[in-house]
Amino acid sequence: MSDQPAYSAPQRLALVFNPTVADAESIAREMAAFIQARLPAAAVRIISQKEFPTVVRSEPFDVVAALGGDGTLLRVSHACARKEIPVLGVNLGRLGFLAELQRDNWPARLERVLAGRYWIERRMMLHVKQERGGKTLGEWDVINECAVTRAAGRKMVRLETTVDAQPLTTYAADGLIAATPTGSTAYALAAGGPILPPELRNILLIPVAPHLSIDRAIVLPDGAEVTMRIHSEEPAVLSCDGQHHEEVLNHDRVIIQSSDLNARLIRERGRGYFYRNIAARLNRNPQSGE
């Protein structure tokens with residue numbers, strides 16, 4: 001990456017902290033002081049993650065920093081996507097696969113961001129719609145994935161799946177995931193799916209514990225429309241980025257296609273960071289504490 005500034009210094013910043021992380025608010029205050037010392041004219045707001053979706057609808061920001069784990073970054077990115085605000089992830093959790101700054105290195109790297117020496121990575125999102133009897137029950141935009149899965153303690157579900165109105169297969173499984181390249185390193189990876197680089201615009205289909213069904217991941221092009229029609233006498237569950245959980249009944253349809261929205265993530269590192277992240281995080285299990 002060139003040392004020449006790519007953007008002008010941000011003048012309106014929000015520092016959004018996860019209140020469930022013990023020192024997140026204090027680090028946000030330390031970060032605010034750091035910014036004001038370098039950009040005295042900048043307006044810096046410290047906002048709780050819970051309050052931020054309401055605040056961002058009415059206030060303009062040039063840059064938003066999300067202080068917490070990957071879940072915090074996802075929630076903040078959701079709130080910023082429609083207004084096309086870039087988000088800087090500051091990892092205060094364990095994994096932090098999506099974050100750009102870490103607890104122990106943020107000052108030097110934030111200084112570069114404040115000087116405009118960063119680039120914006122646009123990540124594909126999916127638009128998800130649930131229908132029942134021809135009526136739309138809800139619509140969501142997701143960054144990682146949507147998944148239709150059996151409810152806890154219930155039998156497997158049958159998911160009649162089409163791509164662009166053409167039959168693909170009927171999965172008999174614990175569930176079916178439709179993921180973005182970002183989501184390929186989340187639930188889809190845990191289900192045995194491939195890793196897709198973040199700059200791609202593909203929809204990844206991966207079944208969860210399939211029984212006598214296609215057990216391989218399928219990668220679809222941007223523009224494809226996936227429809228899952230549920231065949232199950234017991235309710236299933238539609239989960240969108242692990243944030244929205246909706247009951248899915250027999251014959252409901254879940255329709256997935258590319259969203260018009262993109263998540264915008266600030267990157268200070270070079271574009272090869274993704275592969276270094278994979279090597280650093282997937283060669284060990286960060287959840288084990290080792």
Side-chain angles (χ1 to χ4, degrees), residues 69-71 73-74 77 94-99 121-128 140-150 156-164 166-228 230 236-245 248 254-259 262-263 265 273-288:
D70 279 347
L73 181 55
L74 284 175
S77 296
R94 299 189 67 177
L95 185 56
F97 195 85
L98 297 174
E121 180 180 69
R122 288 170 172 79
R123 294 205 173 201
M124 173 190 187
M125 295 175 67
L126 297 178
H127 184 74
V128 183
W140 306 270
D141 290 288
V142 302
I143 297 173
N144 269 345
E145 79 279 306
C146 77
V148 177
T149 58
R150 67 183 180 90
M156 70 174 64
V157 294
R158 293 177 64 245
L159 297 166
E160 178 187 349
T161 305
T162 64
V163 177
D164 295 334
Q166 299 301 310
L168 175 63
T169 190
T170 296
Y171 290 94
D174 281 0
L176 181 62
I177 303 166
T180 64
T182 300
S184 74
T185 58
Y187 188 12
L189 180 63
I195 295 172
L196 303 182
E199 65 269 19
L200 296 185
R201 293 189 60 86
N202 295 98
I203 300 174
L204 172 62
L205 290 182
I206 179 73
V208 181
H211 179 68
L212 300 178
S213 303
I214 294 176
D215 62 354
R216 294 290 186 266
I218 298 175
V219 180
L220 302 173
D222 187 18
E225 180 180 275
V226 178
T227 300
M228 306 178 195
I230 289 75
V237 176
L238 168 63
S239 175
C240 295
D241 273 351
Q243 299 179 35
H244 302 284
H245 302 278
V248 183
V254 176
I255 302 165
I256 304 112
Q257 56 191 146
S258 302
S259 173
N262 293 283
L265 303 183
Y273 83 92
F274 177 73
Y275 302 99
R276 292 193 296 273
N277 269 7
I278 290 175
R281 287 165 172 79
L282 299 189
N283 287 335
R284 62 185 177 88
N285 178 2
Q287 303 303 328
S288 69

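Between the side chain of Thr182 and the backbone N or O of Thr180 there is no donor-acceptor pair closer than 3.5 Å. Remark: the backbone N or O of Gly183 is not paired with any side-chain donor or acceptor of Thr185 at under 3.5 angstrom.
Counting all heavy atoms, side chain and backbone alike, Pro198 lies closest to Glu121 at CG-OE2, 3.7 Å. In terms of heavy atoms, Pro207 sits closest to Ile214 at CG-O, 3.4 Å. Annotation for Ala191 and Val208: closest pair CB-CG2, 4.4 Å, computed over non-hydrogen atoms. Pairing each heavy atom of Ser239 with each of His245, the nearest pair is OG-CE1, 3.3 Å. In this structure, Glu145 and Gly242 approach most closely via the heavy-atom pair OE2-N, 4.4 Å. When all heavy atoms of Pro221 and Asn202 are compared, the pair lying nearest together is CA-ND2, 3.8 Å.
Relative ring orientation between Phe274 and Phe97 is described as perpendicular, the plane-to-plane angle rising above 60° on a 0-90° scale split at 30° and 60°.
Annotation: side chain of Leu74 is in contact with side chain of Leu98 (closest heavy-atom distance under 4.5 Å). Counting heavy atoms from C-beta on, the side chains of Leu204 and Ile177 never come closer than 4.5 Å. In this structure, Val226 and Leu168 have side chains that are not in contact, with every pair of non-hydrogen atoms separated by 4.5 Å or more. The closest side-chain heavy-atom distance from Val148 to Leu176 is not below 4.5 Å. Put simply, the side chain of Arg123 reaches to within 4.5 Å of the side chain of Leu265, judged on heavy atoms. Counting heavy atoms from C-beta on, the side chains of Ile203 and Met124 come closer than 4.5 Å. At least one side-chain heavy atom of Thr149 sits under 4.5 Å from a side-chain heavy atom of Val237. Using a 4.5 Å heavy-atom threshold, the side chains of Glu225 and Val163 count as separate.
To the nearest 0.5 Å, atoms SG (Cys240) and CD1 (Ile256) are separated by 8.5 Å. Put simply, CG on Asp241 and OH on Tyr187 are 13.0 Å apart, with the number rounded to the nearest 0.5 Å. Note that CD1 of Ile278 and OH of Tyr273 are 9.5 Å apart. Values are rounded to the nearest 0.5 Å. Asp164 contributes atom CG, which lies 9.0 Å from atom OG1 of Thr227 (distance to the nearest 0.5 angstrom). Here the OG atom belonging to Ser184 is positioned 9.0 Å from the CG atom belonging to Asn144, to the nearest 0.5 angstrom. Note that the CG atom of Asp222 and the CD atom of Gln257 stand 10.5 Å from one another [nearest 0.5 Å].
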| request: Could you go through the side-chain contact (heavy atoms from CB on, under 4.5 Å) check for Leu189 and Ile206 one step at a time? | output: CA-CA 9 Å; Leu189 180 63; Ile206 179 73; over 6 Å; no
